[in-house]
Amino acid sequence: MAGGTPTQTAAARPAAAAATVRRKRVRPAAGLRPLAIALAAVLALLVIPPILSLIAMSFSDTGSDGAASGLTLAHYAELIQDRSFIAVVFNTVVFAGSATLISLLVGGTLAWLVERTNTPFKRLATLTAIVSLGTPYVLYVMAWLYLLGHSGPVNQLYRALTGSSGVLFDPYTLPGMIIVEGFLWSPLVYLLMAATFRMANAEMEEAARVNGATVLDTIWLVSLRLAWPAILALAIFVFIRNVESFEVPALVGIPGNVRVLTTDIYLAVKEFPPQLGHAASFSVVMLVLITGLIALYGRIARRADRYASVTGKGYRPRPFDLGAGRAVAGAVILVIFLLVLALPLMALIWMAATPFVGPVSVAALKNMTLANFRAVLTAPTYLTLVTNTLTVSIFAATAAMLITGVAGWLAARRQFGGRLIDQLATAPLIFPGIVLGVAAIDLSLRLPFALYGTIWLIGIAYLIRYMPYGMRYAYSGVLQLHKELEEASAVSGAGLIGTFLRIVAPLLSPALMAGWLFIFLIASRELSIAVLLSGPRSQVIAVAMLDLWQNGQAGELSALGLLWTVLMVVAASLFQFVERRSARKTFG
Amino acid sequence: MQANGLRVENLRKIYASTEQAAGGIHAADFDLPEGTFFTLLGPSGCGKTTTLRCIAGLEQPDTGRIEVGEEVLFDAARGLSVPLNLRGFGMVFQSYAIWPHMSVFENVSFPLRVARDRAYARDEVRALTQKALATVGLDGFADRSATRLSGGQQQRVALARAIVREPKLLLLDEPLSNLDAALRDSMRRELKRLQRQIGVTTVYVTHDQAEAFEMSDRIAVINKGQVVQLGDPETIYFRPKNTFVAAFVGNTNLLQGTVAGTGASGDTLVVRLDGGQSVECRPPHEGQIANGDTVSISVRPEAVELAPAGTAGPDGLNGIEGEISAATFAGNMRRYEMRGRAVSLVATPPPRQRLEPGQRVTARFAPQDAVALTD
């Protein structure tokens, strides 16, 4: 019509259009139905069997040969009668609760200082977080065990100062576990809290200041109150992760004879013959506990969302001027940096560079060697380990993001089946890694083909476990896209699939990329699932590290860990870069 | 009906919501010849955007029928609904919906690249896109990244994308509401010029009555899901059908009274105001009226003249005595509030006339400038 020939185009159209009308008697969303149904089926197949398997196992009577031979309530009866069960649950709650407090205190303080004040050393905090994100937890725990250990530098210093021959601190205790676990989670808490503080509306604080409140009043009366639901939600999240945690309970708790739920399940499976019924009934108890916590988390997180007051103008709030307090704040950041990053890293370097792990001394400096690094770099087993680990992590991350990219869109746009797909994709949140491992053993042994003992079983278990995280990234990514962008495409003539491929997928790709890297990072250091599923031919790096530690090969382990950490820190920096940049580029 | 005119019959779309009062559109009917600039005007939440989205195919109406030219796009009775991507319309969204991952050229050429009814050759895509960009005054912007555009430029890109395929219908959802005042003013005239130039039937949604009057051939005033009045801009302004239309499309005075008889000329009504004054006005837009009926008389402030009390005015005008209670200066006019017996009036005469608060005045207006409303 732009050419001024409306009659011509108008006359040409009705015939073709009439034919179109007769052919297309469908609702617009109908094209998606087969896709949504197929996706829901795949998700159901991944998510539901593990739950059923655990419940079935917990009720089945196993003979001495390990084969199921009828139904029984014996496993649950044992739980109730067993006095140590109460102790295990008590340990779990104290361990998880106290560690949560430590990481919230450390991570939260750091986040507030960095995001909201003019403290020095801001970059140091970010560096700490990124390097920690790339460090396998096994390695980290081991470094702390060396530092706090009987012949480690802390007790060494204590003996030198006091002249006593005892120890100041024994890490193989519940307090030891709590401290190490608390430090372990601080960097992640820092990253998550930083996002909360960054998004909060600074005008609320400025209004308090203008109306005469001091800095401390403002923090207490405004900042903290506004952030409270978000902090509480984060606390429950960290608590859940601590209940599920395996590294610290295995490395610190088992030698110290402090049992928690995860290690109890692990030991039951590792016993001979494996006490699968016992493990499964423990697992069901954990599932119920975690499900309750997640429901609580959901309620609080919704309230936190209501409190979130994003300005959306992309303007940077002016940081608090700490005045003379800057020095104190800087010192706090330095101490946290030392505790969370520098000391463990130095311990690892020390162990890797000395032939035998011993006390820190000047004499030992003369024996410094690169032998451990040489051994790691030349032995073919280590190469296999790296390939295996990268393969399963890349597989899990890619599959999870492909599935959740579509699932997140269907769910966020409330398309056909979106709600069911959302529930299925987020359901695996209730599986602690070790519990999923128990279920995966059982399921893989029932399959007609050999999956147990291969890395693919581990890959599939990772996929199930990490799908909910992918879903978070994809879902909130879609919510950030203005719906009119898709409607404009449809009005322009693109079909639903076309709109998804041309508009949604490219715009969502930064979010999917961030999700991919996040899953890749956590999958590549995952221990609790893999520890039950790794066979001789399907070792992954975290499990190998645990073995090396238990065999006393701390030197080689440190060398391997340091090299691996360098690789993962590169991935983690990339992740941080993508996260920060993607939002700006696409939505700024 | 002419080629590519728009006919909407008994369109109904109700949102049932547990949280708030149900919104939507109750019964929309209109029949527009090709090339009409048609505006859906109403307050926010009145159902005007719902109507537009139903026409676009973004919503499924509950009942009704939508036709463009000879083609039936939606017919609830036959269970027929052409998918929105096959309707061949152009639409400009309130947020413009410029895809940030594409250049200006890629944004504008998108409808051509995804077209199902025919394949456009590469040269043709380029030529049509350049033409659309030239039409909206964006020559030379083709390679610009879509994120590096000002609000006005984004608006033009959205418009170019909407017209590039020579759509049968152009749908505009408050396209000017995100622009600053000066730009909004000039874009208003430019949009109108453009629509005339390409001659496309256009449905425009706005809550701004000035926009509606300046651009439209026909206006539908919508309130609470009902089309209250449909007509050309002058009829809507000068002969509003009820008090809602009178008050929504501009400032007005509403004087309460009862019908006392017919005027001397026969085409006016005599109304006795609640304060006892007698005025003449036009009868309601439609419907019967009898002596003793209560009515509101709508008089626009700019139609009211104020003169110091006691001065004689021309014959045939209504006069109401009162006292100035407030006076403000607004640049292009003055605004006076006058209070008389059981009545108050606002008048906006040109700025040269100056009156003081407390001054006794007579407000005069012609019977032709006053219209009786029955609700």
Which residue pairs satisfy the side chain to side chain donor-acceptor pair (under 3.5 Å) criterion with at least one member in residues 488-515 of chain A, sequence neighbours excluded?
->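 Of all non-adjacent pairs touching residues 488-515 of chain A, those that pass side chain to side chain donor-acceptor pair (under 3.5 Å) are A:S489-A:T499.
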Residue [X] excluded, over 12 heavy atoms near [atom1] under 6.0 Å:
X	atom1	result
B:R193	CZ	yes
B:D180	CG	yes
B:R189	CZ	yes
A:R414	CZ	no

Once you round to the nearest 0.5 Å, how far does NE2 of A:H482 lie from CH2 of B:W99?
->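 Rounded to the nearest 0.5 Å, the NE2-CH2 separation comes out at 14.0 Å.
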For B:R113, is it the side chain, the backbone, both or neither that has a heavy atom under 4.5 Å from a heavy atom of chain A?
->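 B:R113 touches chain A through backbone and side-chain heavy atoms alike.
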Under 4.5 Å from a heavy atom of chain A, the part of B:I98 involved |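 Only the backbone of B:I98 comes within 4.5 Å of chain A.
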Indicate the atoms forming the closest heavy-atom contact of A:G493 with B:R165, along with that distance.
-> CA-NH1, 3.8 Å
Nearest atoms (heavy-atom pairs only) where A:A494 meets B:V114 |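 What the structure gives for the nearest pair is N-CG2, 3.6 Å.
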Could you check if a side-chain atom of [X] sits within less than 4.5 angstrom of a side-chain atom of [Y], using non-hydrogen atoms only?
X	Y	result
A:E487	B:M91	no
A:V491	B:N85	no
A:I503	B:M102	yes

Are any side-chain N or O atoms of A:E484 and backbone N or O atoms of B:S95, one a donor and one an acceptor, separated by less than 3.5 Å?
-> yes
